[in-house]
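Notes follow the structure.
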Protein chains: 2
Amino acid sequence: MTVGRKRGFDENVALDAAMNVFWQKGYLGASLSHLTAAMGINKPSMYSTFGNKQALFVKATSHYVESHMAKHLKILSAPSLSLRDKLMQYMQSVIAMQTEQSQGRGCYLVLCQSEIVSDEIPSEAVSVLEQYDVEAKAIFLSLFESDPESIEKGLDKNAQIHALTIYTVLKGAASMARAGVPCAQLNGVIDNTLTGIGL
Amino acid sequence: MTVGRKRGFDENVALDAAMNVFWQKGYLGASLSHLTAAMGINKPSMYSTFGNKQALFVKATSHYVESHMAKHLKILSAPSLSLRDKLMQYMQSVIAMQTEQSQGRGCYLVLCQSEIVSDEIPSEAVSVLEQYDVEAKAIFLSLFESDPESIEKGLDKNAQIHALTIYTVLKGAASMARAGVPCAQLNGVIDNTLTGIGL
DNA sequence: ACAAAAATATACCTATTGGTACAATATAGG
DNA sequence: CCTATATTGTACCAATAGGTATATTTTTGT
């Protein structure tokens, strides 16, 4: 065992609490008082464990992606589903998660990415946000470029546009979810969107 | 003439400058120092002219709607255009405006509406933001409900879903514009969207 | 039992936040 | 020209921001 007093809190529980604060308030709106209160610790504990606000944000952002976004991805590679069902179930799953809270919160990433232009966000926080944005776009692009059914239907010819359509609707749905629009209504938007792509 | 020293600045010019700061930074990220510096005045002048930060925000928000959003609306009621062209030209016009700056700023309203859930926005600011959200939704809804071509094609049967689809894509496109995606790519998304609705 | 190490609580730091008091400066009417 | 009125510049206010110094508590190895 390492020498010294034992940590009186679970690092992952605290990180999850911090993630929820950033999710609700964004980077700028989440003060250290808000964060540490939600995490159930005081500032020195936060600083010694996570570094500083931007380092906490970087960890909280990765934690969001791993705990709330990654699990939906396996739907996109389910071999038994048609391309339409892959995309539909993926989008429905993501949006259901974003409308879960009675006071919907939408998407952590969409919220915080919108703060980048303000020029008030530290560079490491900007980096991680931009990195996930690039990755998300790449996932849809490679799906339309490589999926056999996509190629068969000729959707790979306009893979870029179709990928951007999915991504745009997801971002829009995140805004709508944050504004309190219920999941059921957004499912109709998904249906329209997939029809427009040709699925 | 009224007695007393004359105002050394143009109220509308100052309001326009304030609008641009809120557009870039949102309500929380726009400090009084940022605002007054951009407006070219000092704090007492700002407070005596506009009241306080939230009153300035309410005026700046209305100014945004009138100077940047209202002008696109006439496209939706152009009698010579098909329903598809009305919606396409409207969306293209809005998105072209949002991608204008090399460092795109997206939509003022979408940005600030995303701050509401943070619970850090004064109530009068929340009210004006929610009011414009309701109005925007109503415009698309009444279009699909009442437009002759919409009725002829049976789109009025699902007017709610179609209206929400347009609005969701516009919000998503605003996020994309803010992230720097060029106008040309988003025009492809518009095309997909209108196809999905059945236009 | 005791020293070293780690985590905690409290109090503090400087900078900035939204907002004002007050004195100096213009302006118009009498 | 002088007074009333309105705007301006400067300096300030309390509260909070992100971050830290320090002393206290708790733990383990010797």
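In the text below, chain A, chain B and the rest are named by the order of the sequence lines, each starting its count at 1.
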Atom CD1 of A:Ile41 and atom P of D:dT20 are separated, to the nearest Å, by 15 Å
Nearest-Å distance for atom pair CG/P, residues A:Leu32 and D:dG19:
6 Å
Whole-Å distance, B:Phe9 CZ to C:dA26 C1', equals 15 Å
Find the distance B:Phe57:CZ to C:dT17:P and express it as a whole number of Å.
18 Å
Side chain of A:Pro44: nearest nucleotide among C:dA9, C:dG19, D:dT27?
C:dA9
Between A:Leu35 (CG) and D:dT16 (P), how many Å, whole number?
16 Å
Regarding B:Ser48, tell me which of base, sugar-phosphate or nothing describes its non-hydrogen contacts under 4.0 Å with the strands shown.
nothing
Is any N or O donor-acceptor pair between the side chain of B:Lys43 and the base of C:dG19 shorter than 3.5 Å?
yes
Assign the ring pair B:Phe22 / B:Tyr108 to parallel, tilted or perpendicular, where the plane angle (0 to 90°) is split at 30° and 60°.
perpendicular
Could you pick out which residue, A:Val3 or A:Glu120, lies toward the 5' side of DNA chain C when each is mapped onto its nearest nucleotide?
A:Val3
Between C1' on D:dA6 and CE on B:Met46, what's the gap in Å once rounded to a whole number?
18 Å
What orientation do B:Phe140 and B:Tyr167 show, parallel under 30°, tilted 30 to 60°, or perpendicular over 60°?
tilted
Send over the distance from A:Met39 CE to C:dT8 C1', rounded to a whole Å.
15 Å
Any N or O donor-acceptor pair linking the side chain of B:Arg5 to the base of D:dT8 at under 3.5 Å?
no
Any side-chain heavy atom of B:Ile139 sitting closer than 4.5 Å to one from B:Ser142?
no
Ignoring the backbone of A:Asn42, work out which of D:dT8, C:dT27, C:dA9 is nearest its side chain.
C:dA9
Would you mind classifying the nucleic acid contact of B:Thr49 as base, sugar-phosphate or nothing, using non-hydrogen atoms under 4.0 angstrom?
nothing
Nearest whole angstrom, please: distance from the P of C:dA6 to the CD of A:Glu11.
15 Å
Side-chain N or O of B:Ser45 less than 4.0 angstrom from OP1 or OP2 on D:dG9?
no
How are the rings of A:Tyr64 and A:Trp23 set relative to one another: parallel (under 30°), tilted (30 to 60°) or perpendicular (over 60°)?
perpendicular
Starting at the 5' end of DNA chain D and moving along, which residue's nearest nucleotide shows up first, B:Gly8 or A:Tyr27?
B:Gly8
Look at B:Lys6 and C:dA28 and indicate whether a side-chain polar atom (N or O) is within less than 4.0 Å of OP1 or OP2.
yes
Where each residue is assigned the nucleotide of DNA chain C containing its nearest heavy atom, which of B:Lys53 and A:Gly4 is assigned the position nearer the 5′ end?
A:Gly4
Given B:Asp156, B:Leu87, B:Leu83, the one that forms side chain to side chain contact (heavy atoms under 4.5 Å, CB included) with B:Asp147:
B:Leu83
